[in-house]
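Please read all numbers here as calculations on a predicted model, not as lab measurements. Protein chains get the first letters and strands the later ones, always in sequence-line order, with residue 1 at the start of each.
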2 protein chains.
Amino acid sequence: MDINQIIDTIYPLTTASKNLIKKSITECNFPKGHILFKANKIETSIYFIKKGIARAYAYSDDNQITFWFGKEGDPIVSMQSYVNNQKGYEDVELLEDCELYELKTERLQKLFLEDIHIANWGRKFVELELIKSEERLISLQFNTATERYLALLKKYPSIIQRVQLAHIASYLGITQVSLSRIRANIK
Amino acid sequence: MDINQIIDTIYPLTTASKNLIKKSITECNFPKGHILFKANKIETSIYFIKKGIARAYAYSDDNQITFWFGKEGDPIVSMQSYVNNQKGYEDVELLEDCELYELKTERLQKLFLEDIHIANWGRKFVELELIKSEERLISLQFNTATERYLALLKKYPSIIQRVQLAHIASYLGITQVSLSRIRANIK
DNA sequence: AAAACTATTTAACAAATGATAAAAAAGAAA
DNA sequence: TTTCTTTTTTATCATTTGTTAAATAGTTTT
């Protein structure tokens, strides 16, 4: 997805303000398997996905638990780094060869203080992330694993082709064995 | 908690900007049991809790599921209304007699467009809510019911005295019976 | 194609949680 | 206090999910 569309979808900007943001953005490519964010590190950039798919995971005891997927158009952010300048608890792994837009956090923070339109764009950016986070929270708390699986399929049908079931299972809050059972019962 | 402290804790403002916000805030009191937000309604205000405690819940089939608690200093926001001007899915019930600060959303939106400091205050406000939402998401996805219960107790010890176990159980994503069992096993 | 590796499913049993009903405890009202 | 109501716990059984191991399916390498 093109950077213009990504920026515009978040919040409409004046041409001047939009150019200020775009001047701070660079493009970069990474291969499948690349670890973009490392846990226990302060991340200094946020990214937007032009092409590809990624996941964020953290460890519980010895096993990875995926708690976020991102696809074309989605932002990749370590929120603890972005908001509090603190170490994040997650790795972000690219699940396909990816084309990304990179934006330095420090540069963006500066723009927030200088340009009111960009400040409101940044406000809206986080507001939209918050809505997503709340939706996911509600889904985890209100729905059964089977319902969550069906909802994920409906919202994002191609994820089955693009992501291993083990990652999807942990995203749904269950084991891979349990997801296999659920899939067997649905058919 | 005093409104000055609440505003300052979110993001430092110039005196002028802070006064602009404060001029838009009114105080109001409601008795225990008052329903502050109604589901399927566009809420036109956000609140901050000066004194008291509240919960947000939605229905799953016929039973209420609590997914948020707010106490002194916390904001009360229907995010769907605040962000998208759309109907929310939650009721908010006051669990004690409450003293609240009220801020009209429309008024705040106007300030966001006029004052860059307030725009950044509003950005920070949502960022902090997002961090909380992510923490809760991780807790639901990574930890067992027992671990979530112990974490809640640790983070907010007095909740046991102030809130019924039925509400706490649904907040933890389990039934009240299950929470009773967990409590029995811990001692 | 055969071998090696990875991903997914199935099976068997254990543990955790849900559902329902009843008992006990705690609080509120008469 | 006594009664009435609400809240919390306990008991029983059904269902779901976890754990471990093995079997199957699918890919990649040689």
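Checked by atom type and distance alone, the side chain of B/Gln141 pairs as donor or acceptor with a backbone atom of A/Ser170 at under 3.5 Å.
Rounded to a whole Å, the CG atom of B/Leu140 is 13 Å from the P atom of C/dT17. Note: CG (A/Leu95) to P (C/dT6) measures 17 Å, nearest angstrom. To the nearest angstrom, C1' of C/dA16 lies 12 Å from CZ of B/Arg148. Between B/Arg162 atom CZ and C/dG27 atom P the separation is 17 Å, expressed in whole Å. Between B/Asn185 atom CG and C/dA15 atom P there is a gap of 13 Å when expressed in whole angstrom units. To the nearest angstrom, C1' of C/dT6 lies 11 Å from NZ of A/Lys32.
One axis for each end of the helix from C/dA1-D/dT30 to C/dA30-D/dT1, each built from five base pairs, and the angle between them comes to 40° at 10° resolution.
Remark: A/Tyr11 engages no residue in a ring pair (Phe, Tyr, Trp, His ring centres under 6.0 Å) (not counting sequence neighbours). For the salt bridge (charged side-chain N to carboxylate O under 4.0 Å, His left out) test, no residue two or more places apart in sequence or in another chain qualifies with B/Lys32. With sequence neighbours excluded, no residue satisfies salt bridge (charged side-chain N to carboxylate O under 4.0 Å, His left out) with B/Lys87. Take B/Asp74 and apply the side-chain hydrogen bond (donor to acceptor under 3.5 Å, both in side chains) test, not counting sequence neighbours, and it matches no residue. With sequence neighbours left out, the salt bridge (charged side-chain N to carboxylate O under 4.0 Å, His left out) criterion links A/Arg55 to A/Glu93. By the salt bridge (charged side-chain N to carboxylate O under 4.0 Å, His left out) test, B/Glu99 pairs with B/Lys50, sequence neighbours left out.
Taking every nucleotide of DNA chain D with any atom under 4.0 Å from a non-hydrogen atom of chain A, the first and last of them, 5' to 3', are D/dT17 to D/dT20.
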Evaluate side-chain hydrogen bond (donor to acceptor under 3.5 Å, both in side chains) for B/Tyr89 paired with A/Glu134, printing each intermediate quantity in order. CA-CA 11 Å; B/Tyr89 38 72; A/Glu134 267 206 1; 2.9 Å; yes
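Taking Ile, Leu, Val, Met, Phe, Trp and Tyr as hydrophobic and joining them when side-chain heavy atoms fall under 4.5 Å apart, one finds B/Ile42 isolated, its cluster having no other members. In this structure, B/Ile168 belongs to a hydrophobic cluster whose other members, linked by side-chain heavy atoms under 4.5 Å apart, are B/Ile53, B/Phe69, B/Leu95, B/Tyr149, B/Leu150, B/Leu152, B/Leu153, B/Tyr156, B/Ile159, B/Ile160, B/Val163, B/Leu165, B/Tyr171, B/Leu172, B/Ile174, B/Leu179, B/Ile182, B/Ile186.
In this structure, B/Ser180 reaches the bases: a heavy-atom distance under 4.0 Å links it to at least one base atom across the strands shown.
Of the residues in residues 169-177 of chain A, A/Gly173, A/Ile174, A/Thr175, A/Val177 come within less than 4.0 Å of DNA chain D through at least one heavy atom, sorted by number.
Applying the 4.0 Å criterion to OP1 and OP2 of C/dT10, one finds that A/Arg181 has every side-chain N and O outside that range.
Contacts classified as salt bridge (Lys or Arg N to Asp or Glu O under 4.0 Å) and involving residues 156-173 of chain A (residues at least two apart or in different chains) are given here: A/Glu72-A/Arg162, A/Glu96-A/Arg162.
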